Amino acid sequence: MLSFLRRSFTNEYFQLLPKQLCNELDKFIIGQPDAKKAVAIALRSRWRRKHLPEEIRSEVTPKNILMIGPTGCGKTEIARRLAKLCGAPFIKVEATKFTEVGYHGRDVDQIIKDLVTAGIHQARENIKQKMKAFTPQISAMVDNYILHHILGPDFPDNERKAKKLELLRSGKMDMRIISLEQPDIEKIVSKLGNEALSVEEYLEALKSFVPGRSLNAFRERVTIGEARKAGVTLIVDSYTRDQNIVKDALDSVQESGIVFIDEIDKIASPADAIRTGTNPSAEGVQRDLLPLIEGTMITTKHGDVQTDHILFIASGAFSDTKPSDLLAELQGRLPIRVTLNSLTKEDFKHILKDTENSLIKQNIALLKTEGISIMFTDDAIDRIAEIADEVNKTVENTGARRLITVVEKVLEEISFNAPEVEKNIEINAEYVNSKTKDLIKVADIRKHLM
Ligand SMILES: Nc1ncnc2c1ncn2[C@@H]1O[C@H](COP(=O)(O)OP(=O)(O)OP(=O)(O)O)[C@@H](O)[C@H]1O
């Protein structure tokens, strides 16, 4: 059971062809076809690499990517979504963090350590998700144990026992108080490492388990309802403590980890600056990053990690510097360059309503929890997109992040007063205008000054 649960943290998306993967990304990210293509190919290359004979496989390293594009245009989102789709451990870091006082020269290794932590967390979450399919079996086992505890081991009357069990399962005994002993958790955990156990054997092994360890820590007497819940949680948690999960997570990090390094443009220095030594710390960070991206061994508290096959995606706006201002060796290690476009008003409309869990859908769902139904007319969506575009152009370009600010403004009053507002609210362009007057005014003033 355990090996089945653990098998392959990567999922079926790992098998997708680049075109199919782009289609999946299209559901969440509007436009940016080149960047989607590049990451989809990078992912498929990993699958291809896995199918190579051993001797060639170790020679093939991932083709790392440099994403160039303005802030808020989807660079991080593409990488994060890719990782999520294929179940790959993912971490985002800001390159500038390592130029801060106290950071320089130390610990870009921390990036890999954090990736391992993210990988372990994800592996545990994966197991928890998969365990959900076994909840009925686990609950039945816990109930059986509790019944055994209530009736004692020698209770002879099977008919009465069955009736009691039915009562227990129905939840009718949940308020009764029982006291539980300390579980022999060591015994259970030592069994967990044994992969040879079948489901039945595993459940059998767990019969020695007394639910409620965490409860016993602060009280011995618990209600049956609490014990039933705690028993299930404790069993699920004990699976996730298995040391093999850490080992699998390390493998997963090495084989399919993705590191997203943002603000790489901020540590690029024009050749002059390096020659005159005006920006030595930025260059130092580039040098520190080199071995990680080239492939090295990093020692973490969970074990050694070889970084050769981790996919690195570096990203930046490059408004003040150029990619060619990066150290030549670093450029060489980021051979795939993709440019992302500044988002247009049309893109904004699609981002607002057409992506899975789009901003509009999220806000509708949020207010639904208060019993409020809101509906956006098409002209309201157009207007929000227009205002966001206008403010980006005249005040500061924050890309799609601006949409969040505008939608927040539009819904501020309803959010503040809910649920004491009308139950059905239509939001049209006029309503949008009335709630975003301040934003429009600032944009107008700036426009006239330009
Ligand atoms: N093309 C897009 N399609 C859908 N949503 C987008 C798109 N671009 C940005 N967003 C949304 O805008 C927000 C910011 O985007 P993201 O984090 O990808 O920015 P970025 O390009 O990495 O910029 P930065 O370098 O400043 O981090 C996210 O919530 C994301 O969902």
Side-chain angles (χ1 to χ4, degrees), residues 5-14 21 24-25 28-29 39-40 42-43 45-47 50 61-62 64-65 67 74-98 100 103 106-132 236-237 239-264 285 288-289 291-315 334 357:
L5 286 172
R6 282 175 34 224
R7 194 177 307 141
S8 173
F9 291 118
T10 49
N11 56 27
E12 72 268 26
Y13 288 103
F14 197 58
L21 196 66
E24 282 304 312
L25 290 172
F28 303 93
I29 298 138
V39 295
L43 191 81
S45 298
R46 289 172 162 204
W47 181 91
K50 274 194 175 220
T61 46
N64 297 308
I65 299 170
M67 285 187 181
K75 301 184 294 295
T76 314
E77 195 61 26
I78 290 175
R80 197 191 297 279
R81 193 55 72 175
L82 173 86
K84 205 165 177 189
L85 281 173
C86 63
F90 175 84
I91 186 154
K92 174 185 178 176
V93 289
E94 319 258 298
T96 42
K97 177 178 160 182
F98 300 99
E100 283 165 17
Y103 268 107
R106 85 159 225 252
D107 259 2
V108 288
D109 294 8
Q110 191 62 39
I111 297 173
I112 303 301
K113 292 175 187 164
D114 291 347
L115 185 65
V116 169
T117 308
I120 293 172
H121 176 75
Q122 185 188 35
R124 295 199 162 129
E125 284 306 306
N126 273 351
I127 296 270
K128 274 191 191 168
Q129 280 305 317
K130 289 184 182 172
M131 289 284 280
K132 279 192 180 151
V236 172
D237 284 353
Y239 266 106
T240 67
R241 277 197 298 269
D242 177 15
Q243 273 310 301
N244 284 320
I245 289 175
V246 173
K247 191 180 150 294
D248 284 358
L250 282 177
D251 287 349
S252 179
V253 162
Q254 295 188 111
E255 292 291 314
S256 61
I258 300 177
V259 173
F260 186 87
I261 307 176
D262 205 4
E263 300 195 335
I264 195 90
V285 176
D288 291 345
L289 284 171
L292 278 197
I293 304 184
E294 263 168 15
T296 188
M297 177 85 88
I298 301 289
T299 301
T300 76
K301 68 175 179 199
H302 299 289
D304 289 343
V305 175
Q306 193 66 41
T307 66
D308 298 52
H309 303 294
I310 292 174
L311 177 66
F312 287 87
I313 303 177
S315 136
L334 301 165
N357 297 327

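For the single chain, residues carry numbers from 1 onward in sequence order. Since this is a predicted model, take the numbers as computed values, not measurements.
A heavy-atom distance below 4.5 Å is not found between the side chains of Leu334 and Ile65. Counting heavy atoms from C-beta outward, Ile298 and Thr307 have side chains that approach closer than 4.5 Å. In this structure, the side chains of Leu115 and Ile310 come closer than 4.5 Å at one or more pairs of heavy atoms. At least one side-chain heavy atom of Arg80 sits under 4.5 Å from a side-chain heavy atom of Phe90. Looking at heavy atoms from C-beta onward, Phe312 lies out of side-chain contact with Leu289 at the 4.5 angstrom threshold. Side-chain contact between Cys86 and Leu43 is present, with heavy atoms from C-beta onward closer than 4.5 Å. Contact check for Ile313 versus Val39: side-chain heavy atoms found under the 4.5 Å cut-off. Contact annotation: the side chain of Arg124 never approaches that of His121 to less than 4.5 Å [non-hydrogen atoms, C-beta and beyond].
Here the closest heavy-atom approach between residue Leu250 and residue Gly303 is recorded as CD1-CA, 4.0 Å. Between Ala88 and Ser256, the closest heavy-atom pair is CB-O, 3.1 Å. In terms of heavy-atom proximity, Lys75 sits nearest to Phe260 at O-CE1, 3.6 Å. Of all the heavy atoms in Val285 and Ala95, the pair that sits closest is CG1-O, 4.1 Å. The two residues Val253 and Gly119 come nearest to each other via the heavy atoms CG2-CA, 4.3 Å.
Interatomic distance, CD1 of Ile245 versus NZ of Lys247, reported as 12.0 Å (0.5 Å rounding). Between the CG atom in Asp304 and the CD1 atom in Ile112 there is a gap of 12.5 Å [rounded to 0.5 Å]. Within the model, atoms CD of Glu263 and OG of Ser315 stand 8.5 Å from one another, a figure rounded to the nearest 0.5 Å. Residue Lys113 holds its NZ atom at 10.0 Å from NZ of Lys301, rounded to the nearest 0.5 Å. For the atom pair Glu255 CD and His309 NE2, the distance stands at 6.5 Å (nearest 0.5 Å). To the nearest 0.5 Å, the span separating CG on Leu82 from CD on Glu24 amounts to 11.5 Å.
Under a 3.5 Å cut-off, the side chain of Thr296 and the backbone N or O of Pro291 do not form any donor-acceptor pair. No donor-acceptor pair under 3.5 Å is formed between the side chain of Asp262 and the backbone N or O of Glu94.
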Q.
Determine whether Gln254 and Asp251 satisfy the following criterion, side chain to side chain contact (heavy atoms under 4.5 Å, CB included), listing intermediate values before the conclusion.
A. CA-CA 5 Å; Gln254 295 188 111; Asp251 287 349; 4.0 Å; yes

Q) Going through the distances and angles, do Leu311 and Asn64 end up as a side chain to side chain contact (heavy atoms under 4.5 Å, CB included)? A) CA-CA 6 Å; Leu311 177 66; Asn64 297 308; 3.8 Å; yes

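Side chains of Asp114 and Gln110: a donor on one and an acceptor on the other come within 3.5 Å.
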